[in-house]
Protein chains: 2
Amino acid sequence: MPSDRTRTAILAAAERLYADRGFGDVTLRDIVAAADVNLAAVNYHFGSKDELIAELFVTRSLALNRERLSELRAAEEVRGGRAPIEAVLRALVGPTLRGCLGPDNQRSTAARFMIRVSIESVPPIRRIRNREIDHLRKFVAAMARSLPGCSDVELYWGLHFALAMAQQTVRDSERLTKLSDGKCDVDDVDDIIERVVSVAVMALAGAWC
Amino acid sequence: MPSDRTRTAILAAAERLYADRGFGDVTLRDIVAAADVNLAAVNYHFGSKDELIAELFVTRSLALNRERLSELRAAEEVRGGRAPIEAVLRALVGPTLRGCLGPDNQRSTAARFMIRVSIESVPPIRRIRNREIDHLRKFVAAMARSLPGCSDVELYWGLHFALAMAQQTVRDSERLTKLSDGKCDVDDVDDIIERVVSVAVMALAGAWC
DNA sequence: GTCTATAACCCGATAGAC
DNA sequence: GTCTATCGGGTTATAGAC
């Protein structure tokens, strides 16, 4: 069990380096130097570089999904299983936006790692991403409970567009800041969440649910 | 001038290979083998691998921007410089969506290359991307002509969200197809353009322009 | 302008001693 | 579990014949 020290040190160093410099620019040798462990330890504990990256992503991804579902459950408990559509969408995009936006200096390593993931999309992560569909289905179901008259197709598009707006804001907040000369405040997380949610609601309502 | 044959062959082979297999999985040796030229020819004609990638992207990027602006100009000419906001947004997202969606088999190599760019975002391309802001400013200006009463901040957010929806649909059409069990038809390009445009218009109008 | 050949240096992965 | 040493193969880049 004390052997976990090496394993943990590798995970921490790798996440920090990937968050800071991106996947393309960090080698295993960089990681083992930062973690102060031997090069061969990475392959011993994780099998390969790709599996190390995959483990980092799975950990953060599960935590994000838990947070989303706990927000959803909290929202649905208030009025017996039928939350307003705004609350459902807020549970979907809120955790990501709260974690990945806001002042740089108070952003966690985990958050900066997930931003990097959404920008670079490296192969081992792309493979895992395909499994998150089951998680999204739970939100489609919750949206259907909120809007019983809405067709499935419109719900899918609404969820797709909500995630698109949230993701792109995380991925490219710099471009929006530059384009708007700072007039769009990407540090005002609550404002952004409400913007994304309200546009998504309009998309669903405008489709005549 | 006949020396351009080698140069052209390298560009064509590189674009096809990157489109098919992604940036991470294609080496210079793969490219020169496919182009049937010598390894040293890449450095002779382009200076480096990154500059080859950059040239591919700049070419396609300029073509896309030209197409957008020509659509915008056509829309504004109809009624003397004041196109409906729908037409402006259609000129912004239409060229990308028309090129990158629709049946796989009739997608050009150039389009598949640009899809790959939007998924993988490799360093030499990220550097160039930052220059496209001037291009987007022209669309902000056109949107302001369409909606004279709308505040700049709302225009920026509207453009940002419109691009977000278009980009995410291109990047992740597979997830939407799987999530919806094929009920969202990502091959119906005109439908998707109208969906993106109408949601973006609602976002702008809903902000009480 | 094109090619062969090769230099000098990265990378990830792994065999085998400890 | 940890280390050393190394393998195979990728990269840019260049010298020099043609």
Side-chain angles (χ1 to χ4, degrees), chain A residues 1-58 113 116-117 120-128, chain B residues 1-58 113 116-117 120-128:
Chain A
M1 193 72 74
S3 65
D4 275 357
R5 264 234 330 276
T6 297
R7 196 187 150 84
T8 306
I10 292 171
L11 285 169
E15 185 168 49
R16 189 174 56 75
L17 287 173
Y18 286 139
D20 287 344
R21 291 157 41 191
F23 294 101
D25 203 41
V26 174
T27 71
L28 284 188
R29 284 168 172 83
D30 293 334
I31 294 170
V32 298
D36 199 32
V37 302
N38 189 271
L39 173 60
V42 174
N43 269 16
Y44 177 79
H45 285 283
F46 301 95
S48 72
K49 183 189 192 181
D50 279 7
E51 288 172 275
L52 166 60
I53 293 175
E55 174 154 340
L56 285 170
F57 176 65
V58 167
F113 174 80
R116 197 58 81 163
V117 164
E120 297 195 15
S121 175
V122 84
I125 288 175
R126 275 203 296 278
R127 283 190 286 272
I128 295 168
Chain B
M1 195 67 76
S3 65
D4 275 357
R5 263 235 330 276
T6 297
R7 196 187 151 83
T8 307
I10 292 171
L11 285 169
E15 185 166 51
R16 189 173 56 75
L17 287 173
Y18 287 139
D20 288 344
R21 291 158 40 190
F23 294 102
D25 202 40
V26 174
T27 70
L28 282 187
R29 285 168 174 83
D30 293 335
I31 293 170
V32 298
D36 199 31
V37 302
N38 189 271
L39 175 60
V42 175
N43 266 17
Y44 177 79
H45 285 282
F46 301 95
S48 71
K49 184 188 189 180
D50 278 7
E51 288 173 275
L52 166 60
I53 294 175
E55 174 153 342
L56 285 170
F57 177 65
V58 167
F113 174 80
R116 196 59 81 164
V117 164
E120 297 194 15
S121 176
V122 84
I125 287 175
R126 272 202 297 278
R127 283 191 286 272
I128 296 170

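The structure presented is a predicted model; accordingly, all values stated were derived computationally and were not measured. Any value given below was found using the heavy atoms of this structure, including those in side chains, with hydrogens, waters and symmetry copies removed.
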Notebook entry, point to check: Can you name the nearest heavy-atom pair linking B/A9 to B/A35, along with the distance?
Noted result: O-CB, 3.5 Å

Notebook entry, point to check: With sequence neighbours left out, which residue pairs that include part of residues 42-58 of chain A fulfil the salt bridge (Lys or Arg N to Asp or Glu O under 4.0 Å) condition?
Noted result: A/R7-A/E55, A/D50-A/R127

Next item on the list: For the residue pair B/Y18 and B/I31, establish whether any side-chain heavy-atom pair is separated by less than 4.5 Å.
Entry: yes

Note to self: Under the rule for side-chain contact (heavy atoms from CB on, under 4.5 Å), what residues qualify as partners of A/D20, not counting sequence neighbours?
What the structure shows: A/R16, A/R112

Check: Taking only residues two or more places apart in sequence or in another chain, which ones pass side-chain contact (heavy atoms from CB on, under 4.5 Å) with B/E120?
Finding: A/R126, B/F23, B/R116

Next item on the list: Calculate, to the nearest 0.5 Å, the distance between atoms OG1 and NE2 belonging to B/T6 and B/H45 respectively.
Entry: 5.0 Å

Next item on the list: Please report, rounded to the nearest Å, how far the C1' atom of D/dT2 is from the NE2 atom of A/H45.
Entry: 8 Å

Checklist line | Contact list for residues 30-43 of chain B, test salt bridge (Lys or Arg N to Asp or Glu O under 4.0 Å), sequence neighbours left out | finding: B/R21-B/D30

Notebook entry, point to check: Would a 4.5 Å heavy-atom cut-off, applied to side chains only, mark B/F46 and B/L11 as touching?
Noted result: yes

Check: Is there a side-chain polar atom (N or O) of B/N38 under 4.0 Å from OP1 or OP2 of C/dT4?
Finding: yes

Note to self: Show the nearest heavy-atom pair for residues B/L17 and B/A34, with the distance to one decimal.
What the structure shows: CD1-CB, 3.9 Å

Note to self: Short of 4.0 Å, heavy atom to strand atom, which residues of residues 10-27 of chain A count as contacting DNA chain C?
What the structure shows: A/T27

Next item on the list: Can you see which heavy atom on A/G22 is nearest to which on A/V26, and at what distance?
Entry: O-CG2, 3.3 Å

Check: For the helix from C/dG1-D/dC18 to C/dC18-D/dG1, how many degrees between its two end axes (five pairs per end), to the nearest 10°?
Finding: 10°

Margin query: At under 4.0 Å between heavy atoms, how does the protein contact nucleotides 12-18 of chain D? Give one character per nucleotide, 5' to 3', with B, S or -.
Written below: SBB----

Item checked: Atom pair distance, as rounded to whole Å: CG in A/L52 and P in C/dG12 -> 11 Å

